[in-house]
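Reviewing the structure listed below.
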Amino acid sequence: MAPGGKIRTFFACSACGSTFAKWSGQCTECGQWNTLQEERSGPRPAKGRGKPHRENTATALINVPALSEENCSTGVRELDDVLGGGLVSGGVIMLAGDPGVGKSTLLLQVADALALRGRPVLYVSGEESLPQIKRRAARLRVAAPQLIVLAETDWPEIEQALRQVQPQAVIIDSIQTLRHPEWPSPPGTVGQIRESAQAVINYCKLTGTVGFLIGHVTKDGAIAGPKVLEHMVDTVLYFEGQQHQTHRIVRSVKNRFGPTNEIGVFQMTERGLEEVSDPSGLFLSERPENASGSVVGCAIEGRRPFLLEVQALVTPTHYGSPQRVCTGVDPRRLVLNIAILEKICGLGLGARDVFANIAGGFRSSEPALDLAVCAAIISGYEESPVPAGTIVFGEVGLAGEIRAVPRIETRLKEAEKMGFGHALLPAGNLKKLEYHGKIRTTGISSLTGLNKILFQ
Ligand code: TYD
Ligand code: MG
């Protein structure tokens, strides 16, 4: 960036990482406001940016030694599933989430599990002092003798510790606190985050060490720092959860070594994060009996089915244009489904506010939830409850047609496991159905028939 020589001042956008010679209120690249920060680039040392020296030669591909394909377990099964089997040597994983969601807790537990089974693990904290880490560790009953901790933010010190300890994995808590001395801007700025992350990644790739970077997120949920950070690491995981609820979801949004969109479910307890082996049970646990506007649907996230309670509240609009408010479901799909219900089923929603919600703070934009959303709105509108043992899934098309959804057997098996006796599903799915379980199935081809089938 800086052509060497003098120190130069420039401005970098904290949202997209673009750089500009002059400050302005809006980033002209990504359109965000108030994201330009002052940065300074210094003279680059002749040796190259902190990269360890090595001989690098072009090699015939057939002579390159194969990477061991073996995935190593993190010791936390839900996390292994999200990672597509476990850790890959030299792989760098970014774990991003809101403050207080449990990032440090989860990775301290992972560090403990890894250190118990193999070589040392180095946990570097730039946010907490060693006694603070110790207190958390005591709470989590973390006591692996091979777990090495370091409270440090300067990269050269961390690099020295890495060379000394030679860990199987290093955890950086958090990347926003790291400082690379060859970059003059303070920690947390775009250039500094990029430079320090690059240093950690280079070290991991060169030595085959597994790297975990904890990342903070901005107000709108993106990882704070340059957008390129997501491209630099191998895997990006988001840790989601609401402050007032105990369950937490880890979601993979990028994975070079496995599938994306896998999710793992945890519960925050007095002794740290525990895996939830039966998420459908958790999300349905507080479901009201015989309440109108509550319908159970099934969403597939990654490889797993989740039974979810979709709730809709339909009330008369008292002022201005009707409101459409939702949490958990995709707002655009909600508006679309409402329009289809008005047009095809003749529901008078033009003068009604509609509030839709997936209970338990779960978030999904799977089209198969459409039918459950529509059923919940009809039930809320009619003030008539849907029978408790009924589960509903299907995608709704613009003409009100119900379209087939994938992995129907998986959904039915999960519903059967949770004690449902009747499934309402796309007629198109019934033709090829290879399910011989106990659930009674009813095929439906258009929204117009939904009302009658739901409340019969
Ligand atoms: P933490 O891991 O510090 O979050 P992050 O690193 O993402 O900022 O988790 C902090 C929250 O978790 C805090 O509100 C206390 C709670 N907590 C528990 O409920 N149980 C526990 O065993 C621990 C260690 C934390
Ligand atoms: Mg933390």
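Nothing fancy with the numbering, it's 1 onward along the sequence. Because only heavy atoms are used, hydrogens play no part in the values below, and waters and symmetry mates are left out as well, while side chains stay in. As the structure lists them, so they are numbered: ligands from 1, and atoms in each ligand from 1.
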message: So that I can check it, does any N, O or S atom in S125 come closer than 2.8 Å to the Mg ion (ligand 2)?
response: no
[X]: numbered ligand 1 atoms lying under 4.0 Å from its heavy atoms:
| X | value |
| --- | --- |
| R271 | 22 (O) |
| L140 | 22 (O), 24 (C) |
| R136 | 1 (P), 2 (O), 3 (O), 24 (C) |
| P99 | 8 (O) |
| D98 | 7 (O) |

query: Going by the angle between their ring planes, with limits at 30° and 60°, are F362 and F306 parallel, tilted or perpendicular?
result: tilted
Cut-off 3.5 Å, side chains only: do [X] and [Y] have a donor facing an acceptor?
| X | Y | result |
| --- | --- | --- |
| S294 | E309 | yes |
| Q192 | T189 | no |
| T317 | D353 | yes |

List the closest protein heavy-atom neighbour of [atom]: residue, atom name, distance to the nearest 0.1 Å.
| atom | value |
| --- | --- |
| atom 6 (O) of ligand 1 | S104 OG, 2.6 Å |
| atom 22 (O) of ligand 1 | G272 N, 2.7 Å |
| atom 4 (O) of ligand 1 | G102 N, 3.1 Å |
| atom 20 (N) of ligand 1 | T269 O, 2.7 Å |
| atom 25 (C) of ligand 1 | R139 NH1, 3.8 Å |
| atom 16 (C) of ligand 1 | M268 CE, 3.9 Å |

Closest to atom 5 (P) of ligand 1 among G241, S174, G100 (heavy-atom distance): G100
task: May I ask you to check whether over 12 heavy atoms, not counting those of R403, lie within 6.0 Å of atom CZ?
output: no
task: Look only at the side chain of T153 and the backbone of L178, and say whether a donor-acceptor pair between them is shorter than 3.5 Å.
output: no
query: Can any side-chain N or O of Q176 pair as donor or acceptor with the backbone N or O of G188 at less than 3.5 Å?
result: no
query: Name the one of R407, R333, R411, R304 that satisfies salt bridge (charged side-chain N to carboxylate O under 4.0 Å, His left out) with E366?
result: R411
message: T105 versus ligand 1: do any nitrogen or oxygen atoms come within less than 3.5 Å of each other?
response: yes
message: Whether E409 and K413 form a salt bridge (side-chain N of Lys/Arg under 4.0 Å from carboxylate O of Asp/Glu) is what I want to check.
response: no
